[in-house]
Structures are given as structure tokens and as C-alpha cells.
Asker: 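Can you read through this structure? Questions will come right after.
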Number of protein chains: 2
Amino acid sequence: MRITYRGDYALKTILELALHYGEEPAATITELAKRLDIPTKFLEQILLDLKRGRFVESRRGSVGGYFLAKAPSEIKLGEVVRFIDGSVEPIACVSKEYSGCRDMGTCAFKDIWYEVNKATSKIIDNITFEDLVKRTKKTSAVSTYQI
Amino acid sequence: MRITYRGDYALKTILELALHYGEEPAATITELAKRLDIPTKFLEQILLDLKRGRFVESRRGSVGGYFLAKAPSEIKLGEVVRFIDGSVEPIACVSKEYSGCRDMGTCAFKDIWYEVNKATSKIIDNITFEDLVKRTKKTSAVSTYQI
DNA sequence: ATAATCTCTATTGCTTTAGTAGAGTATACA
DNA sequence: TGTATACTCTACTAAAGCAATAGAGATTAT
């Protein structure tokens with residue numbers, strides 16, 4: 001799994017909309033771009049993508065804008081990552097669709113990539129944007145992790 | 001973490017050399033390329049890299065070839081992955097060197113990427129090529145994982 | 001009408017990836 | 001000492017992915 005800027009921006013945008021869940025619309029592209037420090041035209045594209053993925057909805061016109069298509073509790077982090085940045089596996093051979101491997105039976109590495117895949121999925125598929133909203137509001141709470 | 005072809009080839013090559021640990025040299029580039037189905041000139045580059053990383057050694061000349069620079073038990077999967085494919089983190093902000101983040105203190109996602117990083121590292125840093133040799137010899141043992 | 005917004009498609013510059021090419025250097029051995 | 005065999009090094013290239021940028025078009029509230 002590799003999170004691109006596109007993915008990072010998408011996640012931050014959904015979180016921002018989640019923080020204003022209930023408001024319709026919750027924010028315009030311009031507002032979101034400014035608040036999150038994302039190039040406006042790039043964010044446009046990302047939001048259109050998120051709309052196609054049914055994560056957000058929009059309203060056009062003079063009081064238009066974007067808002068979540070469902071409750072924050074119903075959007076998992078993993079869903080968004082997979083939708084925007086594609087697969088979560090560390091290597092292509094670990095996927096249902098893949099068929100180009102000569103030694104599926106004997107490859108010593110496949111099981112390891114499966115493990116990595118499973119461990120990653122376990123984390124990102126068990127966090128919803130409701131959780132993230134709570135974490136964000138509980139806020140300025142300093143990170144537990146040390147670099 | 002994303003494993004490239006380069007990384008995949010490097011790992012398979014080291015495993016092949018590990019299977020012939022003790023023989024000096026264990027194999028020539030040509031032999032390795034043929035057995036592992038890797039483009040010869042590409043493998044040349046990768047082997048030079050692995051040599052710079054002190055994973056393998058070589059002997060030139062008419063009975064030359066490559067062999068491991070240390071015992072398979074002393075080479076961790078994670079070391080090779082990090083050396084060839086770079087970082088293991090899912091996103092750049094989760095790294096000692098990174099400094100470009102506006103909201104290190106409040107970003108709700110950082111802790112998650114740390115977790116993913118930790119989970120991945122735990123797996124790949126706890127497997128040596130000795131383990132992989134054993135798995136390979138125990139062999140045609142069918143994979144535990146279902147796709 | 002018109003200002004504010006979202007919608008859609010194309011284009012661009014940069015970097016990474018996966019090779020390919022070819023000339024050079026070292027070694028064993030007849 | 002010549003030659004076959006093998007590693008060494010640098011440069012080049014084609015394709016894809018990434019991170020935008022550009023601009024014209026469609027909707028809607030007032």
C-alpha cells in the first residue's frame with residue numbers, strides 16, 4: 001500500500017466533511033481547498049471521483065457545495081484508500097485478479113505478502129470516519145507516537 | 001510499502017543463493033537469470049546493488065559468480081526490502097526525515113500510518129532467509145492462504 | 001439575468017520503473 | 001600469453017503514474 005497525495009487529500013477532505021456532517025452542503029470546493037491547503041483544481045477532480053464512489057454528494061449553483069453521502073460511521077478508512085489509491089497489497093501477485101505468476105505453489109514470499117496485506121487491512125478496515133471525528137475533536141491531544 | 005519488480009527479483013535472487021549457501025560461487029548471473037526468469041541485464045544491475053548493500057559477494061573470471069556475503073540466518077527480509085525498494089511506510093510523513101507537514105500535532109491519520117508501518121515491519125523484520133530456505137525445502141507444501 | 005458553484009476533458013511537466021546497450025575489467029587455464 | 005568466461009560500470013530509452021493546471025460548459029438561487 002502506498003498513499004499518494006491524491007489519497008491523502010481525499011481522506012482529509014472526507015474528514016473535514018465529516019466534521020460538518022448534517023450541514024447540507026457542508027462546504028464548497030474553494031473553502032475545502034483553502035482550509036486543507038489543497039490546490040483547488042486538483043481537489044475538484046478528487047471530489048468528482050469521491051462522488052462517483054458514492055462517498056460524497058454535491059449541490060450545484062449559488063448555494064451549492066459538497067457533503068457526505070452517508071454517515072461518518074458508515075465510511076471506513078480502507079474503503080476510501082482502496083477506491084482512490086487502488087490496491088492495499090504490497091505486491092500485485094497478492095490479489096484475486098492476478099494470474100501471471102509461474103510458481104504460485106512454491107513461491108516462498110507469497111504467504112508473507114498475504115500476511116502484510118491482512119495486517120494492513122485489519123487496521124484500515126476497522127476505523128470509520130466517526131472514529132476519526134472523535135479523535136480530531138478530542139483533539140490537540142498530542143500524538144502517542146514518537147518519531 | 002510497495003514491492004517493485006526490482007525488489008521481487010532481488011528477494012528471489014537472494015533466496016536462490018541462500019539455497020546454495022556454502023558453494024562459492026553459488027551461481028552465475030546467467031544461471032540465476034534463467035532459473036528465476038529475470039532479464040539478464042536487469043539482474044546484473046540488481047546484483048551490483050546487492051553487492052553494494054553487502055548482501056552478496058562475487059568472483060570475476062572464468063569460474064566466477066555470485067554467493068551470499070553472510071549466512072542466510074543473518075539476512076532479514078526487511079533489510080533487503082528497505083535497501084532495494086526504499087521505505088516501508090505507507091506515506092512519506094511517517095518517517096524521521098520528513099518535516100513538510102503543517103499539522104503534525106493534530107493530523108488524525110498519522111497515528112494510523114504509524115500503526116500500519118509497525119505492523120508491516122513486525123512481519124518483514126522477523127523473517128530471515130534461513131526461514132525462507134526451510135519453507136522452500138519443506139516445499140511443495142501447499143499455501144495456507146486462500147485467495 | 002447573473003453570480004456562484006459544480007462538471008468534464010485535455011494537457012503538461014516530472015519522476016519512477018523496467019528494462020536495453022555496449023564497452024571495459026578480471027581470472028582460470030590451456 | 002591468448003582466449004573464453006564472467007563480472008563491472010555508465011548511459012540511454014520507453015512507458016506509466018503522479019500532481020497538478022487550464023479552460024469551457026452546465027446548474028441553481030436570487
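Numbers restart at 1 for each chain; the letters A, B, ... are given by sequence-line order, proteins then strands.
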Asker: Output yes when at least one side-chain N/O atom of A/Tyr9 is less than 4.0 Å from OP1 or OP2 of D/dA20, else no.
Answerer: yes
Asker: Within this structure, what is the CZ-to-P distance between B/Arg59 and C/dC29, rounded to whole angstrom?
Answerer: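 Result: 11 Å.
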Asker: C/dT7, OP1 or OP2 - any side-chain N/O from A/Ser58 closer than 4.0 Å?
Answerer: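 Yes, such a contact exists.
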Asker: Can you tell me how far P of C/dG19 sits from CG of B/Asp8, to the nearest Å?
Answerer: 11 Å
Asker: Are A/Lys41 and A/Glu44 ion-paired here, with the side-chain N under 4.0 Å from a carboxylate O?
Answerer: yes
Asker: Choosing from D/dT21, C/dT17, C/dG19, which nucleotide comes nearest the side chain of B/Thr4?
Answerer: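 The closest nucleotide is C/dT17.
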Asker: Quick one: A/Ile3 CD1 to D/dG17 C1', roughly how many Å, whole number?
Answerer: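 Rounding to the nearest Å, CD1 of A/Ile3 and C1' of D/dG17 are 16 Å apart.
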Asker: Looking for any heavy atom pair under 4.0 Å, which part of the strands does B/Tyr5 touch: base, sugar-phosphate only, or nothing?
Answerer: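 Sugar-phosphate contact only.
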Asker: For B/Ile38 and C/dT20, give me the distance from atom CD1 to atom P, rounded to whole Å.
Answerer: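 Atom CD1 in B/Ile38 sits about 13 Å away from atom P in C/dT20.
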Asker: What nucleotide, of D/dT8, C/dA3, C/dA21, holds the atom closest to the side chain of B/Ile29?
Answerer: D/dT8
Asker: Looking only at side-chain atoms of A/Tyr66, point me to the closest of D/dA6, C/dT7, D/dT8.
Answerer: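 Minimum distance to the A/Tyr66 side chain belongs to C/dT7.
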Asker: Which sits closer to the 5' end of DNA chain C, A/Gln45 or A/Lys51, going by the nucleotide each is nearest to?
Answerer: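 Final value for this comparison: A/Lys51.
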Asker: Between D/dG17 atom P and A/Arg2 atom CZ, what is the distance in whole Å?
Answerer: 13 Å
Asker: By nearest nucleotide on DNA chain D, pick out whichever of A/Val63 and A/Arg6 is the more 5' one.
Answerer: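 Between the two, 5'-proximity favours A/Arg6.
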Asker: Which nucleotide in the set C/dA28, C/dA4, C/dG19 lies at the smallest distance from any side-chain heavy atom of A/Ser62?
Answerer: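 Out of C/dA28, C/dA4, C/dG19, the nucleotide with an atom closest to A/Ser62's side chain is C/dA4.
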Asker: In terms of side-chain heavy atoms of B/Lys41, which of D/dA20, C/dC8, D/dC9 is nearest?
Answerer: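 Nearest to the side chain of B/Lys41 among the choices is D/dC9.
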Asker: Please give me the minimum heavy-atom distance between B/Leu32 and B/Glu16, naming the atom from each residue.
Answerer: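 It is CD2-CG, 3.6 Å.
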Asker: Any salt bridge linking A/Asp8 with A/Lys12? Criterion: basic side-chain nitrogen under 4.0 Å from a carboxylate oxygen.
Answerer: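 A salt bridge links A/Asp8 with A/Lys12.
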Asker: Below 4.0 angstrom, N of the basic side chain to O of the carboxylate: do A/Arg59 and A/Glu24 qualify?
Answerer: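 Salt bridge: yes.
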Asker: Start at the 5' end of DNA chain D and walk down; is the nucleotide closest to A/Leu43 or to A/Asp85 reached first?
Answerer: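 Its nearest nucleotide being more 5', the pick is A/Asp85.
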Asker: Can you check whether any acceptor in the base of D/dC9 is under 3.5 Å from a donor in the side chain of B/Glu44, or vice versa?
Answerer: yes
Asker: Quick check: does any side chain N or O of A/Asn126 sit under 3.5 Å from a backbone N or O of A/Lys122, one acting as donor and the other as acceptor?
Answerer: yes
